[in-house]
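Per chain, numbering begins at 1; letters A, B, ... match sequence-line order.
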Amino acid sequence: MRELGPNEILFILAAVRWTLLLSVVAFIGGAIGGALVALARTSEFKWLRLLANGYIKLFQGTPLLMQLFLAFFVPGLFGWSVDPWMAAAIGLSLHASAFLGEIWRGAIEVVPRGQWEAATSLGLRYGPKMALVIVPQAVRIAIPPTIGFLVQLIKGTSLASIIGFVELTRAAQVINNATFRPFTIFALVAVVYYVICRPLSAYSKRMEQKLLVAAR
Amino acid sequence: MTMPATAAQGDVMIEMRKVDKFYGDFQVLRNIDLTVSRGERIVICGPSGSGKSTLIRCLNQLEEHQAGEIVIDGTMVHANLRGIEDIRREIGMVFQSFNLFGHLTVLENCTLAPMKVRGIGRAEAEATARTILERVHIPEQALKYPVQLSGGQQQRVAIARSLCMNPKIMLFDEPTSALDPEMVGEVLDVMVELAESGMTMIVVTHEMGFARKVADRVIFMDAGEIVEVAPPEQFFTAPRNERTKKFLGQILHAQQS
């Protein structure tokens, strides 16, 4: 058995960068996917709306853990090998796409119909209408829930430990297996997640308050 | 006196032939026939739910019609028409609730479409916008945001925004209905000036004073039909249809009290 010393603590803390990197990658992937899902959900084409809706239902209706397992094991069935990092990044991106897509669909739909009609009647095509009139107004509404979801996503990266990706939680497990000091180790890990997530939640709350004031 | 057919055709700006529109099973427009000449000013009135807003919203295809034909300046329109945007940009529309773009300044509201739709450069678009803001008597508000303006000012910006596209037709959908009474006048004044400049206008409104002053023809609609069309003098003094008489009785009474 190993002692829980500074090296072990450092090993755990150093793994934070993988948690952060995975969060950033998943958020970027999710933002791209989510934008497509949101546009599809608000499209005038019914088949696109249905397709996007099916995607959202699928990912909101199944556990993230299963999604990560599938992202890890399914490519193997086709002979593609994915390492845990790829699988986690892809799985979390697909997951985030569904949730961000749904959040942003809501934000787009909150923009009053009159804004669409005014833009349409001026002769704006779909692209400029969305980019210059609808999305800029939706973004303000979308920021608080988007950050709220980012917090969920950061905490969700801990599940990537199960498919063997060594981020914060996995590093803690590894050290715990060697030192068997679960209370100290996992309390430390919880504190680290808290320190990352708490400021984001606070920021999201502040933005929400600001929007409420602006809406008055 | 008979006019040559070609000249007459060139003078037709809007033509609706046997237009029907439904919301599900409910028919909102019935067999609408209407021809509007270039430079003509039409006022449409009628009880709420009579289809007057729907009628003008069909002209730029914010709403689809299900039967009949709508021809705008020689082009037949329908919602799936490729290049429907090319028709829409020639038709300005002013809404009851202003619908200014809240994240943009007054000036940006006025330059967005000219720059993005007509491809006009920023300097020229801004110069035009400032001229037109002057025309609607609010040049000093150019850099403000819509929420900083009164309702009357916002509606005049909305008119300016449409005029910046240099449209051939202007549609007004109850432009003064959402305004406090003391602001109605300033918006109507701008519309009167616009009418005097020769713009083709269709105005849905219950402002009978405006109708008397500028309309070439007043149309009364009820239950999705055009019930009566007449020049304002005749419309107000000698309406023929019973429904028109009843409506005028109610609305004139309401506006006097």
For this session: Identify the heavy atoms of B:Asn99 and A:Ala118 that sit nearest to each other, and give their distance.
Result: O-CB, 3.5 Å
Problem set entry | Pairwise side-chain contact, A:Arg140 with B:His103, heavy-atom cut-off 4.5 Å (strictly under) | no
Problem set entry | Heavy-atom proximity to chain A below 4.5 Å, by part of B:Phe101 | both
For this session: Check the surroundings of atom CH2 in A:Trp18: do more than 12 heavy atoms from other residues, nucleotides or ligands lie under 6.0 Å from it?
Result: no
Seminar exercise, completed: Sorted by chain and residue number, the side-chain hydrogen bond (donor to acceptor under 3.5 Å, both in side chains) partners of B:Asn60 (sequence neighbours excluded) come out as none
For this session: Quick one: list whatever passes side-chain hydrogen bond (donor to acceptor under 3.5 Å, both in side chains) with B:Arg217, sequence neighbours left out.
Result: B:Glu40
Problem set entry | CZ/A:Phe186: more than 12 non-hydrogen atoms of other groups inside 6.0 Å | yes
Exercise. Relative to chain A, which of B:Val94, B:Leu100, B:Ile84 shows the most heavy atom pairs under 4.5 Å?
Worked result: B:Leu100
Seminar exercise, completed: Looking only at heavy atoms, the pair that brings B:Gly102 and A:Gln137 closest together is N-OE1, 4.0 Å
For this session: With a 4.5 angstrom heavy-atom cut-off, could you sort out which part of B:Leu62 is near chain A: side chain, backbone, both or neither?
Result: side chain
Exercise. Between A:Leu132 and B:Leu112, does a side chain to side chain contact (heavy atoms under 4.5 Å, CB included) hold up when you go through it step by step?
Worked result: CA-CA 8 Å; A:Leu132 302 170; B:Leu112 177 74; 3.7 Å; yes
Exercise. Crowded around B:Tyr23 OH? As in, over 12 foreign heavy atoms under 6.0 Å?
Worked result: yes
Exercise. Just checking heavy atoms, which of residues 138-171 of chain B are less than 4.5 Å from chain A?
Worked result: B:Arg161, B:Ser162, B:Met165
Problem set entry | Atom CZ of A:Arg113: over 12 foreign heavy atoms under 6.0 Å | no
Exercise. Which distance, rounded to the nearest 0.5 Å, do you find between the CZ of B:Arg88 and the CG of A:Leu122?
Worked result: 11.0 Å
For this session: Tell me, yes or no, whether the heavy-atom count around A:Met86 atom CE, taken from other residues, nucleotides or ligands under 6.0 Å, exceeds 12.
Result: no
Exercise. Residues of residues 71-80 of chain A under 4.5 Å from chain B (heavy atom pairs)?
Worked result: none
Exercise. How close do A:Leu124 and B:Lys116 get, heavy atom to heavy atom, and via which atoms?
Worked result: CD2-CB, 3.9 Å
For this session: Return the option, out of B:Glu90, B:Arg57, B:Met93, with the maximum number of heavy-atom pairs under 4.5 Å with chain A.
Result: B:Arg57
For this session: Might you confirm whether atom OH of A:Tyr126 has over 12 heavy atoms from other residues, nucleotides or ligands at distances under 6.0 Å?
Result: yes
